[in-house]
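Working notes, structure below.
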Amino acid sequence: MTTTALPVVLAGARGHGRWHLENIRRLHYRGLVRLVGICELTPLTRDEIPRGLGSPRQSADFGALLEATGARIAVVCTPIPTHTDLALTAAAKGVHLLLEKPPAPSFAEFRRMADGVARAGVACQIGFQSLGSHAVPAIRALVARGAIGEVVGVGGAGAWARDEAYYRRARWAGRRRLDGVDVVDGALTNPLAHAVATALTLGGCTRAEDVTGIETELWRANAIESDDTSCVRVTTAQGRPVTVAATLCAEHPDEPYVLVHGSSGRITFWYKQDRVLLQRAGHGPEEFEYGRTDLLENLVRHLTDGDELLVTPDSTGAFMRIVEAVRQAPDPPALPQSAWHRVPGERRRVVPGVDGLVAAAADTLALYSELGVPWALPAALPEEVSTR
């Protein structure tokens, strides 16, 4: 450990925050950061702090903790509705940010955060780790050289499973609103948000102004407020559709992926594995594996060496348009009981056939209602939300 290691405070160290603790420890041993503070309502026990990180100061007062520790970076991994206020607290103190996704529960809150951070002059990285994959620029290069002809659209598919306890892990889990405040914790906006953000990025649709129209279809099999089986189709300024289908009620959960459709081929990107499959006319299939740049390390390198930030707030504006469309959509209707069943011994709800439905949506760029699904009745669908 060297004295040049940047001091870091972590806000939200339980749940997904445990991943950040381990990542901070990894970068600590490389001499890049040192954990100086943890912000939690209930302090972590000694056993909850990974070995090697010492005894960082702990406090439920985020602003006071930043001041007391002299932090240069704050990692914010707290409930979605708290992101904007915590980000602005850090920015006001000149502390740079790694802000977990989704960055905010509404487009207005996102703009308040992004504008405040920009005025403060601090760096802000949004935690879409998949966008740190070296596969992203590699796929862009393949497209640019015409490997799959002209891009005609991008699909995304996420077939995951979450048991009923997942929605009881926190008060805000599975909620659209809580105590009068937006949460928008749906399949597309939180657990499978990476599929949405990655598909938009590969479709060349990253800024808010790149989105010209949005169609959403939101459903739920679980006894929750938000959607657990949903799809979205984005009309982009380039005229190419981006369709992403997601479920947390898969029969056989599998790796999520993004599919770039071309006039003479296609590229499949399993973004959690950094794995790419190129299929094109006149050639056999080619598979590639890539490395990944960690977003906290990229933020550190940005501050110390001037490296370009990989995921700025403005580059997630299109994603936040999706969040806003989901927020404004009617509350997701419950699927009929005939459309789902519980898995014996697992306490999770499964929608039979949904795995193939999600894959078909990504493959055809169609919405559930266009694929002949009995429960996706057009009369029950939310109206299209246009951002034109």
Side-chain angles (χ1 to χ4, degrees), residues 128-160 188 192-207 210-211 231-247 250-294 298 308 310-311 315 318-319 353-368 370-372:
F128 285 109
Q129 294 289 341
S130 61
L131 301 184
S133 175
H134 302 166
V136 172
I139 292 170
R140 284 173 168 160
L142 285 171
V143 168
R145 74 169 193 246
I148 57 171
E150 182 181 350
V151 173
V152 296
V154 177
W160 277 2
L188 291 166
L192 284 158
H194 281 87
V196 177
T198 307
L200 289 170
T201 296
L202 293 180
C205 179
T206 58
R207 303 168 303 163
D210 294 332
V211 177
C231 58
V232 62
R233 182 163 58 204
V234 180
T235 305
T236 68
Q238 301 97 322
R240 297 190 295 261
V242 176
T243 301
V244 182
T247 186
E251 294 180 280
H252 306 288
D254 205 352
E255 288 292 333
Y257 60 90
V258 170
L259 188 57
V260 183
H261 296 270
S263 58
S264 59
R266 66 185 192 174
I267 299 169
T268 307
F269 175 31
W270 291 273
Y271 59 82
K272 287 179 65 67
Q273 301 175 324
D274 302 309
R275 185 162 59 94
V276 171
L277 175 65
L278 171 63
Q279 297 168 289
R280 49 184 172 158
H283 297 76
E286 299 174 77
E287 192 164 329
F288 311 92
E289 291 188 8
Y290 295 90
R292 176 178 292 211
T293 298
D294 175 72
N298 174 241
E308 184 177 354
L310 290 172
V311 194
S315 71
F319 170 80
V354 75
D355 305 33
L357 180 65
V358 165
D363 194 49
T364 64
L365 306 178
L367 299 173
Y368 293 159
E370 298 166 341
L371 293 170

Inset, instruction - Measure from the side-chain N and O atoms of Arg275 to the backbone N and O of Glu287, and report whether any donor-acceptor pair falls under 3.5 Å. - result: no
Legend entry - Least distance between heavy atoms, Ala318 atom then Val211 atom: CB-CG2, 3.6 Å
Legend entry - Worked check of side-chain hydrogen bond (donor to acceptor under 3.5 Å, both in side chains) between Thr236 and Asp210: CA-CA 6 Å; Thr236 68; Asp210 294 332; over 6 Å; no
Inset, instruction - Show your reasoning for whether side-chain hydrogen bond (donor to acceptor under 3.5 Å, both in side chains) applies to Thr206 and Thr201. - result: CA-CA 6 Å; Thr206 58; Thr201 296; over 6 Å; no
Inset, instruction - Ignoring hydrogens and angles, tell me if any N or O in the side chain of Asp355 forms a donor-acceptor pair with the backbone of His252 under 3.5 Å. - result: yes
Inset, instruction - Kindly say whether Gln129 contributes a backbone atom to a donor-acceptor pair with the side chain of His194 at under 3.5 angstrom? - result: yes
Legend entry - Where Leu365 and Pro241 come nearest, the two heavy atoms and their spacing: CD1-CG, 3.8 Å
Legend entry - Residue that, paired with Val152, satisfies side chain to side chain contact (heavy atoms under 4.5 Å, CB included) out of His261, Arg240, Arg266: His261
Legend entry - Min side-chain heavy-atom separation Thr268-Gln279 under 4.5 Å: yes
Inset, instruction - Answer yes if the side chains of Thr293 and Asn298 hold a donor-acceptor pair under 3.5 Å, and no otherwise. - result: no
Legend entry - Asp274 CG to Ser130 OG distance, which is reported to the nearest 0.5 Å: 9.0 Å
Legend entry - Main-chain N/O of Gly353 paired with Glu251 side-chain donor or acceptor, under 3.5 Å: yes
Legend entry - For Ala366 against Leu371, the heavy-atom pair lying closest together: CB-CD2, 3.9 Å
Legend entry - Heavy-atom closest pair, residues Gly132 and Leu310: CA-CD1, 4.0 Å
Legend entry - Minimum heavy-atom distance Val258-Ala195, with the two atoms named: CG2-O, 3.9 Å
Inset, instruction - First locate atom NZ of Lys272, then atom CZ of Arg292, and finally report the distance between them rounded to the nearest 0.5 Å. - result: 7.5 Å
Inset, instruction - Measure the spacing between CD of Glu370 and OG1 of Thr243 and express it to the nearest 0.5 Å. - result: 8.0 Å
Inset, instruction - Work out which heavy atom in Ser264 is nearest to a heavy atom in Gly149; give both atom names and the distance. - result: OG-N, 3.2 Å
Legend entry - Neighbour count above 12 (heavy atom, 6.0 Å) for Glu255 CD: yes
Legend entry - Check: Gly204 main-chain N/O paired with Gln238 side-chain donor or acceptor under 3.5 Å: yes
Inset, instruction - Check for a donor-acceptor pair, side chain of Ser263 on one end and backbone N or O of Glu150 on the other, with a separation under 3.5 Å. - result: yes
Inset, instruction - Measure the acute angle between the ring planes of Tyr257 and Trp270, then classify it against the limits of 30° and 60° as parallel, tilted or perpendicular. - result: tilted
Inset, instruction - Classify the angle between the aromatic ring planes of Phe269 and Tyr271 as parallel (below 30°), tilted (30 to 60°) or perpendicular (above 60°). - result: perpendicular
Inset, instruction - Flag the pair Leu277 / Pro285 as yes when at least one side-chain heavy-atom distance between them is below 4.5 Å, and no otherwise. - result: yes
